[in-house]
Amino acid sequence: MLLLGAAEGGFLTEDTAVAIGLALLLAIVAAGVLIAMLRGARMRAFEDIEQGEVTATSAVRRYAGQLRSAGSSTWNKAAALALFILSPLCVFLPALLAEERTRTDAGGPTLLGADQLILFGAAGTLAVIALGLFCWIAPNAGGRAAEHLHPAHDPQDDLDHSRSTAIRVVAALWWSITLAVFLIWGLGFNGWGQAWAVWPVSAVLYGGLWALNSALNRDTEQARGSAAR
């Protein structure tokens with residue numbers, strides 16, 4: 001998006017922007033594959049722990065508790081949620097500025113046109129969302145390790161381990177369907193300016209699916225408890 005905006009603003013030719021974009025894309029993909037391979041090689045010795053095939057001793061449970069306590073701070077989640085909520089401003093504000101610039105149309109040369117403002121705003125939204133994901137994921141590494149060592153929640157609460165076959169199927173297809181809707185809206189109907197809204201709406205609905213799964217699990221546990229009594 002940044003390269004496209006630079007090309008439309010006359011800072012780069014379109015061919016140069018495409019070449020730089022493809023080179024950066026290949027470099028990022030290569031870096032991602034390399035990181036995944038290195039992680040897989042390092043974690044291969046701990047596959048039994050990740051698959052829950054190890055019985056936790058008292059020492060392991062204490063260590064897992066220490067990891068959870070060390071990573072129990074909520075500042076990172078609060079910062080991530082704030083960034084997620086504020087991220088649309090990166091699109092709305094440039095869009096409003098672009099509309100105002102188009103309406104007033106002073107006629108003089110400008111460093112950034114309306115199209116460039118919108119493109120840079122969209123790129124800024126993705127950057128803010130990425131920063132939010134980093135704030136959410138990175139500080140929770142200890143908690144994830146503790147969960148592998150000594151799970152503190154029912155695996156059935158995870159959508160991919162739900163007792164309901166329908167919920168497991170929907171959860172498996174959810175983000176693929178979201179991506180398909182985004183691309184169809186953008187490519188098929190030239191709605192890139194509005195298609196981004198698919199992602200936050202899908203995230204909210206996915207949270208509702210998770211809440212529904214948790215409620216069904218609680219009802220099942222209560223029914224089993226009543227039957228046992």
Side-chain angles (χ1 to χ4, degrees), residues 25-26 28-54 56 64 68 71 76-77 80-81 83-85 87-88 122 125-126 128-189 191-192 194-224:
L25 178 62
L26 292 176
I28 292 172
V29 171
V33 172
L34 180 61
I35 291 173
M37 292 176 62
L38 291 175
R39 181 190 181 278
R42 292 186 177 185
M43 296 299 293
R44 192 170 294 118
F46 307 101
E47 288 182 352
D48 52 349
I49 296 177
E50 287 191 322
Q51 295 173 3
E53 298 176 354
V54 175
R68 287 193 180 92
N76 55 307
K77 293 183 179 179
L81 289 174
L83 289 171
F84 292 152
I85 293 172
S87 62
T125 296
L126 295 178
V128 171
I129 292 175
L131 181 59
L133 288 174
F134 177 80
C135 291
W136 186 280
I137 295 173
N140 293 326
R144 293 194 299 274
E147 191 65 26
H148 284 301
L149 292 172
H150 184 228
H153 78 291
D154 186 354
Q156 301 291 340
D157 288 339
D158 297 333
L159 295 182
D160 53 349
H161 295 96
S162 174
R163 294 185 177 92
S164 171
T165 303
I167 289 181
R168 291 199 304 271
V169 171
V170 171
L173 299 176
W174 188 274
W175 297 112
S176 298
I177 294 174
T178 301
L179 178 60
V181 172
F182 173 75
L183 293 176
I184 291 173
W185 193 349
L187 293 174
F189 300 95
W192 295 113
Q194 300 81 30
W196 65 269
V198 168
W199 295 103
V201 171
S202 181
V204 171
L205 294 177
Y206 191 81
L209 181 65
W210 181 87
L212 174 62
N213 179 62
S214 298
L216 291 175
N217 286 339
R218 284 194 298 270
D219 291 341
T220 302
E221 292 298 331
Q222 291 174 359
R224 288 181 177 178

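Bear in mind that the values here come from a model prediction, so they are computed numbers and not experimental data. Keep in mind that the numbers below use all heavy atoms, side chains included, and drop hydrogens, waters and symmetry copies.
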Under 3.5 Å donor-acceptor pairs involving side-chain atoms of residues 195-207, not counting sequence neighbours:
from, atom 1, to, atom 2, distance (Å)
W196, NE1, G193, O, 3.0
S202, OG, W174, NE1, 2.7
S202, OG, T178, OG1, 2.7

*side chain to side chain contact (heavy atoms under 4.5 Å, CB included) between L179 and L183: does it pass, once the steps are laid out?*
CA-CA 6 Å; L179 178 60; L183 293 176; 4.1 Å; yes
_Would you compute the distance between atom CG of L131 and atom CG of L126 and round it to the nearest 0.5 angstrom?_
12.5 Å
*asked:* Applying side chain to side chain contact (heavy atoms under 4.5 Å, CB included), can you list everything that pairs with T125, at least two apart in sequence or on another chain?
replied: S87, C90, V91, I129
*Could you pull out all residues at least two apart from I177 that satisfy side chain to side chain contact (heavy atoms under 4.5 Å, CB included)?*
L173, V181
*Considering only heavy atoms from C-beta outward, does the side chain of L34 approach that of L38 to under 4.5 Å?*
yes
*Taking all atoms of both residues into account, what is the closest heavy-atom pair of L83 and V128, and its distance?*
O-CG1, 3.4 Å
